[in-house]
Amino acid sequence: MKLEGTRTLGAPRATVWEVLNSPQQMAELMPGVESFDVKDDRHWQAHVKIPLGLGAMRMSMEFEKLEEREPEFAKLQAKGTGVGALLSMETSFHLSEAGEATEMRWEADVRIAGPVGSMGQRVLQPIVNQQVQNVLAALDAQVQQAVRG
Amino acid sequence: MITVRFELNGEAVEREVDPRRLLVHFIRDDLDLTGTHVGCDTGNCGACTVLVDGEAVKSCMLLAVQADGTRVETVEGLAANGESSPLQQAFSAAHALQCGYCTPGMLMSATYLLRNNPEPTEREIRKGIQGNICRCTGYVNIVEAIQEAARK
Amino acid sequence: MTQTTMEPLVVEREQTKPGFVGQSIPRKEDRRLTQGQGVFFDDLKRQGMGFIHFVRSPYAHAKIRSIDVSKALALEGVYGTLTGDEVAIQTDPFFELSTPPGSEIKDYALAVGKVRFQGEPVAAVAAATRELARDAAELVEVDYEPLETVVEPDAALAEGAPILHDDAGSNVVWSGVFDWGDWEAAKAEADHVLTIDYLHFDRFSSTPLEMSGCLVEYERATGQWTLYCNLQMPGVGAIWMAPAMRVGIDKLRFVTHDIGGGFGNKICLHPYFVACCLLARKLNRPVQWTEWRTDQHMANSHGNERVFREVEVAVKADGTLLGFSCKAIDDCGAFPRYEPLGAIIWSQVTPGLYRWRNIRVDFTQVCTNKSPVGPNRGYSRLQHLWLTERIIDLVAHELGFDPVEIRKRNYVKSDEMPYETPNGCVYDSGDYARCLDQALELVGYDKIEERRRDAEARGKLLGVGIGSTLDSGTNNFGQSTLINPELQFSGNNEVATVKLDIFGEIVVTLGTVPQGQGHETTASQVVADILGVTPEDVHVRPGHDSFWNSHAGFSGTYASQFAVTGLGAVKGATENLAWEIKRVAAGVFGAAPEDIELEGGQARLAANPEAAIPFMGIGAIVNANNAILPLDVRDVTLNCRYVYVPPFQLPDKERKFGNLTLTYATQIHVCVLEVDRETGAYELVDWAVVDDCGTRIHPQIVEGQVHGAWAHGVGAATSETFAYDEDGNLLTANFYDYHVPHALDLPPVKSGWIESPSPFTPFGSKGMGEGGGGAIHAVCAAIQDALRPAGKPVVYDSHNPYHRVWELMTRPEESRKLISVESR
Amino acid sequence: MLLREVQYARPGSVEEALQALAAHEGARALAGGQTLLNVMKARAASPDVLVDLRDLEELRGVARTQDGGLRIGAMATYAQLMREPAVGEARPILAEVVAQIADVQVRNRGTIGGNVCSSDPTNHLPPLAVAQRWTMHAAGPAGERDVAADEFFLGVYFTAIGPGELLTAITIPPGGSDGFASVTLGVDGTCIANAAAQVRDGQARIALGCVGAVPVVVSSPDEVRAAAPDAPADVHASADYRRHLAEVCARRALEQAS
């Protein structure tokens with residue numbers, strides 16, 4: 001499943017870069033993070049509980065930073081296990097200056113492997129879309145917070 | 001463990017049960033009534049259909065603890081003293097079963113249908129057994145058997 | 001009759017008096033099954049039994065770096081685990097049927113070092129309850145290194161494709177060219193050559209409602225395993241399992257009772273069963289495994305998926321078909337298992353129902369990262385029959401012939417029977433044109449144009465389609481040698497034992513493994529007629545047990561053969577018993593056996609019916625009072641085992657030529673459907689099917705099989721598919737997305753029949769359970785007919801869900817690119 | 001089929017139910033269970049405590065409201081809605097639509113509250129709720145509150161019913177004229193696309209299911225394509241085909257409503 005989009009964030013590029021590259025700040029972006037460990041500057045691990053009305057979906061996520069070109073490009077890989085499914089996601093983002101603001105172009109390739117059971121495809125794609133929107137909204141908020149200092 | 005008490009085919013049952021145990025496993029594994037079958041893991045096939053307080057339900061979509069205080073009927077309760085009911089006889093006469101695996105659930109859905117609608121149309125019969133998958137018969141003779149039982 | 005090169009097979013049939021054979025008597029099985037008293041393997045329990053849950057791969061292709069079972073073992077109530085490493089030490093790879101490269105594939109009970117399809121078992125856990133076993137399975141930690149995945153057969157053959165089996169060094173399992181007649185000459189002689197670039201026969205299975213599984217007991221003292229299970233072909237299961245487990249074949253006792261549908265999908269259970277046996281031995285306790293629905297969809301046998309490319313058809317101006325040529329690429333998934341038998345079994349019906357004599361098929365079977373395939377109702381023939389039907393319809397569609405007329409012109413005629421096909425098979429009997437006429441009449445074909453106009457007024461496109469197929473029954477296993485000349489299989493056999501017990505009970509033991517076909521009933525009809533009793537007097541033991549010693553190497557219930565092999569064995573055994581009874585009675589009366597007749601449960605002097613001994617007396621004399629018998633009758637056992645062996649010869653390996661099956665039943669379907677112009681959704685509005693399986697032993701059971709085969713075909717054509725994404729994830733892993741037709745989805749069906757008795761079989765009957773997939777093609781043809789006004793798209797797939805119909809009608813030019821005609 | 005460990009509570013009143021829900025963060029209300037238990041069987045979601053609402057008779061009532069609408073208890077089953085004369089009088093479309101859900105057995109257990117709270121994009125009732133502007137009544141630790149259907153559906157398996165809250169009833173305002181159309185997998189099967197429409201005072205309001213995480217509202221079928229950019233693709237329909245079906249359903253639902 002390939003997703004992509006562009007979003008303008010109301011902060012200088014350096015600020016946005018900082019938020020996106022701080023594991024701790026990243027942790028704040030993700031929904032339902034219960035614990036977060038920084039193994040080294042390229043590897044992190046998180047336990048997340050994606051809140052769904054029917055009960056939480058628990059996953060264990062491993063992150064690896066694959067590539068970075070400060071301050072304009074980074075590529076991350078995330079692998080999640082749990083719920084009888086495997087999630088792997090490769091995300092990259094390009095930051096460019098847009099006056100005072102920063103334009104972020106992002107791409108994500110999400111793959112879900114495993115017997116997703118009765119949840120099935122019909123709901124997974126909307127769930128992923130929804131989580132991406134949550135992350136982007138949280139990013140916005142984080143960036144604003146960083147601007148405010 | 002939680003204590004459940006209910007009436008099963010006219011007899012009182014009282015057991016301790018793990019709350020996570022589904023009614024179908026409780027009936028089959030704990031109460032040893034193996035006529036109720038499991039054919040899927042998503043509530044689609046209807047092989048596990050039983051009547052709870054007179055209503056057809058899939059016993060794989062009900063926890064055993066939810067049966068507490070109810071009246072449960074399974075396929076084993078259809079034949080009085082070993083004498084097949086007219087519906088069971090009609091299934092045999094019309095060759096409405098081959099492997100017989102879906103049959104208990106199918107009979108329970110048909111029993112429910114005929115109790116509530118003694119003279120169903122063909123369409124109503126088909127709608128009444130829509131929740132029961134049969135992989136052997138193409139439903140042709142099942143529909144005929146239920147029609148035949150209704151006539152009697 | 002055409003000249004045949006095989007020796008005559010004709011069976012002399014004596015006149016029999018009217019009896020139970022031919023009547024639809026009540027089924028013996030029904031009472032227990034309708035009262036919830038059936039005995040299915042999952043109903044059985046043993047003290048201290050462990051429940052097995054398999055840990056399965058979420059990846060379609062990955063290396064296994066490590067497996068850690070420690071957390072699972074630490075859970076209270078867990079009895080033990082089994083991993084691929086243990087399996088690799090304790091067993092040998094299963095026997096492979098193929099020649100190289102397929103023969104080099106190593107297939108074990110659990111994945112060893114690598115997984116090759118999603119759902120492949122990598123470890124097994126046994127625990128005190130089903131729930132705990134699943135809890136523990138979740139605690140097994142497997143470290144995978146994902147590998148590139150290949151899911152399309154074409155891609156698997158491409159240069160540089162990821163290789164599934166390094167030992168084989170190629171994804172090809174088997175390949176070979178079948179060339180009969182003279183295709184090049186036929187093409188040169190043709191007035192039109194039609195070319196179809198691509199046809200696809202989709203992946204699905206019959207998904208029996210009862211899941212696969214077993215309860216295994218291991219006896220330390222003797223090293224004996226007993227498997228209470230639903231394996232539908234135990235003889236072959238034992239051939240796979242015993243050598244792999246390094247034990248003698250008698251160490252594996254298979255017991256079946258009631259089975260909730262098989263359809264071929266319960267033939268290849270041996271990997272699971274070996275894992276269960278190893279756990280039973282390791283844990284020294286009974287264990288049971290019941291597959292789950294999701295498991296069955298992900299990892300049990302799928303039907304063979306097949307792509308046809310470069311299909312060329314030679315046609316005369318008058319519509320006479322001269323022959324065809326094509327490439328067939330068969331996708332067997334991750335492991336061959338029963339394959340590559342599918343690479344030859346289609347050739348039982350090489351020309352379909354048609355008289356073309358020049359046929360060339362370049363066949364390749366390939367592995368992909370999908371679930372392994374296995375026999376599935378209509379196994380390997382329905383793919384090929386679908387091809388022949390698709391060809392006929394596309395020829396009619398493109399060259400302007402009437403689909404009915406072109407069929408009748410090219411069908412093998414009834415007066416040409418027995419008919420030898422280009423590859424030496426002998427079609428025993430049949431009247432295809434008469435079946436087609438009857439089916440057309442049942443749907444009111446003469447009024448179809450009126451209905452078409454009526455549908456049009458409602459915004460619907462009405463289409464009519466024909467599917468005409470053969471159901472070849474009673475295999476000559478010699479066909480396996482056309483795949484691998486080293487194999488030592490040929491002919492076929494089935495066993496029955498009929499005995500008269502001490503109190504006069506008649507007991508029948510079958511070698512077969514019924515799954516709903518009513519063998520107890522039909523066997524009792526045959527026995528009753530021969531012994532002069534009623535079916536109620538005959539007890540047929542339900543199910544199968546290796547320890548009954550009433551089976552042979554090919555015993556089982558598969559491939560449309562019971563009415564011939566099973567009942568042939570019952571007839572033979574009962575006739576032997578009847579003769580023994582007569583000898584005993586003759587000994588008592590001082591008469592000749594020929595003077596004795598059997599009637600009303602008695603043996604009596606034909607000339608003086610007052611002089612009679614009830615069967616109870618006969619049983620008592622032989623078993624408990626034999627001193628009164630003359631010496632020359634003391635060899636009588638009243639326990640008669642008979643092996644039916646059909647009259648086959650070895651096929652010609654060089655020419656891939658020979659008689660591969662004994663009987664050919666016919667099924668002709670006519671489907672009428674209406675397509676919604678706005679959505680591509682369609683509804684089946686009428687259906688007729690006419691069956692001809694020779695003499696019918698039990699007409700109601702025959703009709704039931706026809707209905708069942710029809711429903712499977714409709715499901716496969718409309719809503720049942722095992723679809724994978726590019727990463728090898730199965731997208732239809734349960735009954736939500738894999739939609740099995742329910743009672744509202746299927747229209748009432750009109751069924752008819754004719755009887756063309758087989759000249760080759762004991763009762764004139766033919767095997768008929770599989771049906772040949774006629775319904776699948778009927779839907780395809782009807783869609784093609786309906787969409788004619790929408791730019792004449794070409795129906796190229798056997799599976800046509802709404803979205804595909806929508807694509808066909810909105811972009812007809814896309815599918816039309818697949819077809820071209822060269823006319824001279 | 002085999003659930004993770006779970007605790008079970010069986011409150012006797014709404015108050016007790018709210019207490020039970022508040023007592024555990026991982027507690028979830030169990031109504032008919034026809035979705036929840038299935039998701040638990042797949043072990044996709046695993047609540048720690050199930051709070052069974054079966055004894056809450058006060059959640060089962062169906063009655064006409066003074067303005068001619070309907071007030072339906074969250075625990076009213078589909079089968080009950082098919083029988084209730086009040087539904088037939090006030091909003092016959094509701095009985096028609098619930099009759100298409102799954103099968104007899106599921107309709108005997110499944111509830112209107114469960115259908116909207118599970119918020120599966122292929123469910124029948126969310127688009128109907130949005131098109132007809134249902135009001136959802138929730139009870140929670142902070143008292144009762146009403147949520148408009150427009151604000152109720154937040155995502156897949158995700159609604160405005162927050163932790164510790166319970167949907168108690170639904171009010172359906174008095175009708176305009178209604179329509180519902182779907183394309184399903186098999187007759188009366190899972191929806192591949194669906195749409196509900198209401199025409200009131202000449203104004204059309206159409207809600208589409210299946211094309212996003214939550215129902216998408218349009219006022220004309222011509223707007224469907226633009227309004228559903230993220231329609232999911234699956235084995236039954238590509239995104240484009242699903243949008244097309246949504247447009248057809250919108251048109252048919254509107255036609256029925258007009």
Side-chain angles (χ1 to χ4, degrees), chain B residues 18 20-21 25 28-29 32-47 74-79 82 84-85 87-89 91-104 107 122-123 125-143, chain C residues 24 26-27 29-40 42-45 129-131 206-211 258-263 290 292-295 514-518 700-701 703-712 714 734-736 740-746 748-749 751:
Chain B
D18 185 346
R20 65 164 154 172
R21 180 144 274 212
H25 294 310
R28 288 180 53 79
D29 293 353
D32 290 326
L33 288 187
T34 53
T36 303
H37 294 153
V38 176
C40 71
D41 44 22
T42 48
N44 295 88
C45 82
T74 69
V75 67
E76 287 90 346
L78 291 183
S84 288
S85 71
L87 182 69
Q88 288 169 311
Q89 289 172 23
F91 263 59
S92 180
H95 189 36
L97 63 148
Q98 290 179 30
C99 78
Y101 197 78
C102 76
T103 309
L107 285 166
E122 187 194 322
R123 174 85 191 176
I125 292 173
R126 288 180 180 271
K127 184 92 181 155
I129 58 168
Q130 183 197 9
N132 295 74
I133 291 176
C134 171
R135 293 258 58 179
C136 294
T137 65
Y139 311 99
V140 184
N141 291 345
I142 294 176
V143 172
Chain C
S24 296
R27 288 204 327 167
E29 295 85 349
D30 289 353
R31 185 183 166 84
R32 66 172 185 270
L33 293 173
T34 54
Q35 295 197 356
Q37 308 296 344
V39 184
F40 297 88
D42 187 72
D43 301 343
L44 305 175
K45 297 179 178 72
T129 67
R130 298 178 202 265
E131 287 90 347
S206 299
T207 60
L209 205 53
E210 181 205 29
M211 257 67 76
D258 292 311
I259 295 180
F263 314 115
T290 304
W292 294 103
R293 172 61 49 194
T294 309
D295 303 340
Q515 315 118 33
Q517 297 90 345
Q700 205 181 33
I701 287 178
E703 199 181 25
Q705 291 291 322
V706 173
H707 293 157
W710 162 70
H712 281 190
V714 171
N734 56 49
F735 278 155
Y736 274 108
V740 172
H742 51 60
L744 284 170
D745 292 328
L746 291 172
V749 63
S751 49

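All values derive from a computational prediction rather than experimental measurement. Protein chains get the first letters and strands the later ones, always in sequence-line order, with residue 1 at the start of each.
- Of the two parts of B/L107, only the side chain, counted from C-beta on, holds a non-hydrogen atom closer than 4.5 Å to a non-hydrogen atom of chain C.
- Neither the backbone nor the side chain of C/D258 has a heavy atom closer than 4.5 Å to any heavy atom of chain B.
- Heavy-atom pairs under 4.5 Å with chain B peak, among C/G708, C/A709, C/A711, at C/G708.
- Taking chain B as the reference chain and counting heavy-atom pairs below 4.5 Å, the highest number among C/V749, C/L746, C/V706 is found for C/L746.
- Once rounded to the nearest 0.5 Å, the distance linking CG of C/L33 with CD of B/Q98 reads 11.5 Å.
- If you measure heavy-atom distances from B/Y101 to chain C, the contacts under 4.5 Å come from both the backbone and the side chain.
- Contacts between C/T207 and chain B at a heavy-atom distance below 4.5 Å involve backbone atoms as well as side-chain atoms.
- At least one side-chain heavy atom of C/F735 sits less than 4.5 Å from a side-chain heavy atom of B/I133.
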task = Give the intermediate values and the outcome of side-chain contact (heavy atoms from CB on, under 4.5 Å) for residues C/Q35 and B/V75.
result = CA-CA 6 Å; C/Q35 295 197 356; B/V75 67; over 6 Å; no
request  = Determine, stepwise, if the pair C/F40 / B/T34 fulfils side-chain contact (heavy atoms from CB on, under 4.5 Å).
outcome  = CA-CA 9 Å; C/F40 297 88; B/T34 53; over 6 Å; no
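- There is no side-chain donor-acceptor pair under 3.5 Å between C/N734 and B/T42.
- Contact of C/Q705 with chain B is made through backbone and side chain together, with heavy-atom distances under 4.5 Å.
- Annotation: the span from B/L97 atom CG to C/D30 atom CG amounts to 4.0 Å, rounded to 0.5 Å.
- Of the atoms belonging to B/V143, not a single heavy atom falls under 4.5 Å from chain C.
- The backbone N or O of C/A743 sits less than 3.5 Å from a side-chain atom of B/R126, completing a donor-acceptor pair.
- Expressed to the nearest 0.5 Å, how far CG of B/D41 lies from CZ of C/R293 amounts to 8.0 Å.
- The choice from B/P104, B/G82, B/S85, B/G131 that makes the most heavy-atom pairs within less than 4.5 Å of chain C is B/G82.
- Between C/E131 and B/R21 a salt bridge is recorded (basic side-chain N to carboxylate O distance below 4.0 Å).
- Contact count against chain C (heavy-atom pairs under 4.5 Å) is highest for B/S84 among B/S84, B/G46, B/G128.
- In this structure, the portions of C/L209 lying under 4.5 Å from any heavy atom of chain B include both its backbone and its side chain.
- In this structure, chain B has heavy atoms under 4.5 Å from both the backbone and the side chain of C/W292.
- Using a 4.5 Å cut-off between heavy atoms, B/T137 touches chain C through its backbone atoms (N, CA, C, O) alone.
- Contacts between B/D18 and chain C at a heavy-atom distance below 4.5 Å are absent for every atom of the residue.
- Formation of a donor-acceptor pair under 3.5 Å by the B/Y139 side chain with backbone atoms of C/P741 is found in this model.
- Side-chain contact between B/N132 and C/H742 is absent, with no heavy-atom pair separated by less than 4.5 Å.
- How far CE of C/M211 is from SG of B/C40: 7.0 Å, rounded to the nearest 0.5 Å.
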key: Working for side-chain contact (heavy atoms from CB on, under 4.5 Å), residues C/E210 and B/C99   = CA-CA 9 Å; C/E210 181 205 29; B/C99 78; over 6 Å; no
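- Both the backbone and the side chain of B/H95 come within contact range of chain C, each with at least one heavy atom under 4.5 Å from a heavy atom of that chain.
- Only the backbone of B/A94 comes within less than 4.5 Å of a heavy atom of chain C; no side-chain atom from C-beta onward does.
- The contact between B/E122 and chain C is made entirely by side chain atoms (from C-beta outward), counting heavy-atom distances below 4.5 Å.
- Of the listed residues C/T290, C/D295, C/V39, C/I701, the one with more heavy-atom pairs under 4.5 angstrom with chain B than any other is C/I701.
- Interface summary for chain B: among C/Q515, C/R130, C/R32, the most heavy-atom pairs under 4.5 angstrom belong to C/R130.
- Contacts between C/R31 and chain B at a heavy-atom distance below 4.5 Å involve the side chain alone, from C-beta outward.
- Contact record, C/D42 with B/R28: OD2-NH2, 2.7 Å, taken as the closest heavy-atom pair.
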message = As a quick check of understanding, evaluate side-chain contact (heavy atoms from CB on, under 4.5 Å) for C/T129 and B/H25, giving each step before the final call.
response = CA-CA 11 Å; C/T129 67; B/H25 294 310; over 6 Å; no
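- Contacts between C/D745 and chain B at a heavy-atom distance below 4.5 Å are absent for every atom of the residue.
- A 4.5 Å side-chain heavy-atom check between C/Q37 and B/E76 finds at least one atom pair inside the cut-off.
- For the options C/P748, C/P514, C/G38, heavy-atom pairs under 4.5 Å to chain B are most numerous at C/P748.
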